[in-house]
Amino acid sequence: QVQLVESGGGLVQAGASLRLSCAASGRTFSVYGMGWFRQAPGKEREFVAGISWKGGITYDADSVKGRFTISRDNAKSTVYLQMNSLKPEDTAVYYCAVDKMPWRSGVNPNLHEYDYWGQGTQVTVSS
């Protein structure tokens, strides 16, 4: 059984930084791409950032480009999301997810291409 456990969320002021972590178990982590998504109240879940299975390819949504950085440590089966210069519009529940296709050559931002999800961690940014 695949398990993903996110941590690192919290309440911060605009301009602050947070680092989210997602620890994975139950699947050979190193051969699957990973993604971070977020869902704000009343909105659909949206792609934030993704990283390929080797870590060499990353893809960020336009809304976070230049502020958020995704990375992974395959030895620890963990993926991270470093979030800098946070804005109130970044407020959401953040989820990590595992790509359903091993050894995918790139990053797929389509949430339907991810088959396991964490429980989510709340990020709240005050103005």
Side-chain angles (χ1 to χ4, degrees):
Q1 184 71 16
V2 177
Q3 286 192 322
L4 302 173
V5 180
E6 299 105 334
S7 60
L11 170 63
V12 296
Q13 290 189 327
S17 297
L18 282 174
R19 187 194 195 203
L20 305 184
S21 299
C22 171
S25 62
R27 178 179 274 186
T28 306
F29 176 82
S30 61
V31 303
Y32 289 90
M34 298 292 295
W36 283 99
F37 295 77
R38 67 186 181 187
Q39 188 165 17
K43 295 188 176 181
E44 294 185 350
R45 191 168 298 189
E46 65 175 0
F47 174 82
V48 175
I51 187 166
S52 60
W53 64 280
K54 280 189 174 180
I57 299 173
T58 62
Y59 180 74
D60 307 319
D62 288 343
S63 58
V64 305
K65 207 175 292 285
R67 299 188 298 122
F68 291 11
T69 302
I70 187 171
S71 61
R72 66 187 296 159
D73 184 339
N74 285 345
K76 296 182 178 180
S77 297
T78 300
V79 63
Y80 305 96
L81 185 67
Q82 178 66 44
M83 305 186 295
N84 299 328
S85 302
L86 282 161
K87 304 176 181 180
E89 51 263 43
D90 294 319
T91 295
V93 178
Y94 283 71
Y95 301 89
C96 67
V98 185
D99 192 333
K100 65 174 61 172
M101 180 184 295
W103 302 294
R104 189 189 298 271
S105 60
V107 174
N108 196 317
N110 185 342
L111 63 87
H112 299 295
E113 291 297 315
Y114 294 80
D115 58 356
Y116 287 98
W117 295 78
Q119 82 288 351
T121 185
Q122 177 71 47
V123 172
T124 303
V125 184
S126 63
S127 58

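Computation of the quantities below employed the complete heavy-atom set of this structure, encompassing side-chain atoms and omitting hydrogens, waters and symmetry-equivalent molecules.
- Looking at E6, its side chain never comes within 3.5 Å of a backbone N or O of L20 through a donor-acceptor pair.
- When every heavy atom of D73 is checked against every heavy atom of F29, the shortest pair comes out as O-CE2, 4.0 Å.
- Taking the six-membered ring for Trp and thresholds of 30 and 60 degrees, Y95 and W117 have ring planes more than 60 degrees apart, a perpendicular arrangement.
- For the atom pair R72 CZ and S52 OG, the distance stands at 7.0 Å (nearest 0.5 Å).
- Listed by first and then second residue, the side-chain hydrogen bond (donor to acceptor under 3.5 Å, both in side chains) pairs that reach into residues 79-88 are S17-N84, Q82-N84, sequence neighbours excluded.
- In this structure, I51 is not a member of the same hydrophobic cluster as M101, with clusters built from ILVMFWY side-chain heavy atoms closer than 4.5 Å.
- Hydrophobic clustering (side-chain heavy atoms under 4.5 Å, transitive across Ile, Leu, Val, Met, Phe, Trp, Tyr) keeps V125 apart from V93.
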### Query
How far apart are the C-alpha atoms of M34 and V98, what are their side-chain angles, what is the distance that settles it, and do they pass the side chain to side chain contact (heavy atoms under 4.5 Å, CB included) test?
CA-CA 5 Å; M34 298 292 295; V98 185; 3.7 Å; yes
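- Within a 6.0 Å radius of NZ in K54, no more than 12 heavy atoms belonging to other residues, nucleotides or ligands are found.
- Taking all atoms of both residues into account, the shortest heavy-atom contact from A14 to S127 is CB-CA, 4.4 Å.
- Side-chain heavy atoms closer than 4.5 Å link hydrophobic residues (I, L, V, M, F, W, Y) into clusters, and following such links, possibly through other members, connects V31 to V2.
- Q39 places no side-chain N or O within 3.5 Å of a backbone atom of A92 that could act as its donor or acceptor partner.
- For D60, the side-chain contact (heavy atoms from CB on, under 4.5 Å) partners are A49, V64, K65, I70, not counting sequence neighbours.
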#### Entry: Chi angles and distances behind the side chain to side chain contact (heavy atoms under 4.5 Å, CB included) call for L86, F68
CA-CA 9 Å; L86 282 161; F68 291 11; 3.8 Å; yes
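- Here the closest heavy-atom approach between residue A24 and residue L4 is recorded as CB-CD2, 3.4 Å.
- Residue pairs satisfying the side-chain hydrogen bond (donor to acceptor under 3.5 Å, both in side chains) criterion with at least one member in residues 22-36, sequence neighbours excluded, are listed as follows: R27-D115.
- Considering all non-hydrogen atoms of both residues, Y114 and N108 come closest at OH-O, 2.6 Å.
- Screening residues 55-88 for disulfide bond (SG atoms under 2.5 Å apart), with sequence neighbours left out, gives no hits.
- Within the structure, the salt bridge (Lys or Arg N to Asp or Glu O under 4.0 Å) test picks out the following pairs touching residues 39-49 (sequence neighbours left out): R38-E46.
- For Q3, there are no side-chain hydrogen bond (donor to acceptor under 3.5 Å, both in side chains) partners two or more places apart in sequence or in a different chain.
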### Candidate pair L18 and Y94, rule side chain to side chain contact (heavy atoms under 4.5 Å, CB included), full reasoning
CA-CA 12 Å; L18 282 174; Y94 283 71; over 6 Å; no
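- From R19, atom CZ reaches atom OG of S71 across 6.0 Å, with rounding to the nearest 0.5 Å.
- Here the closest non-hydrogen pair linking L111 and F37 is CB-CE2, 3.5 Å.
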### Residue pair V123, M83: steps toward the side chain to side chain contact (heavy atoms under 4.5 Å, CB included) verdict
CA-CA 10 Å; V123 172; M83 305 186 295; 3.9 Å; yes
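- Side-chain N or O atoms of R104 include none that pairs as donor or acceptor with a backbone N or O of K100 at under 3.5 Å.
- Across all their heavy atoms, V107 and F47 have their closest contact at CG1-CZ, 4.1 Å.
- At a threshold of 4.5 Å between non-hydrogen side-chain atoms, the residues Q122 and T91 count as touching.
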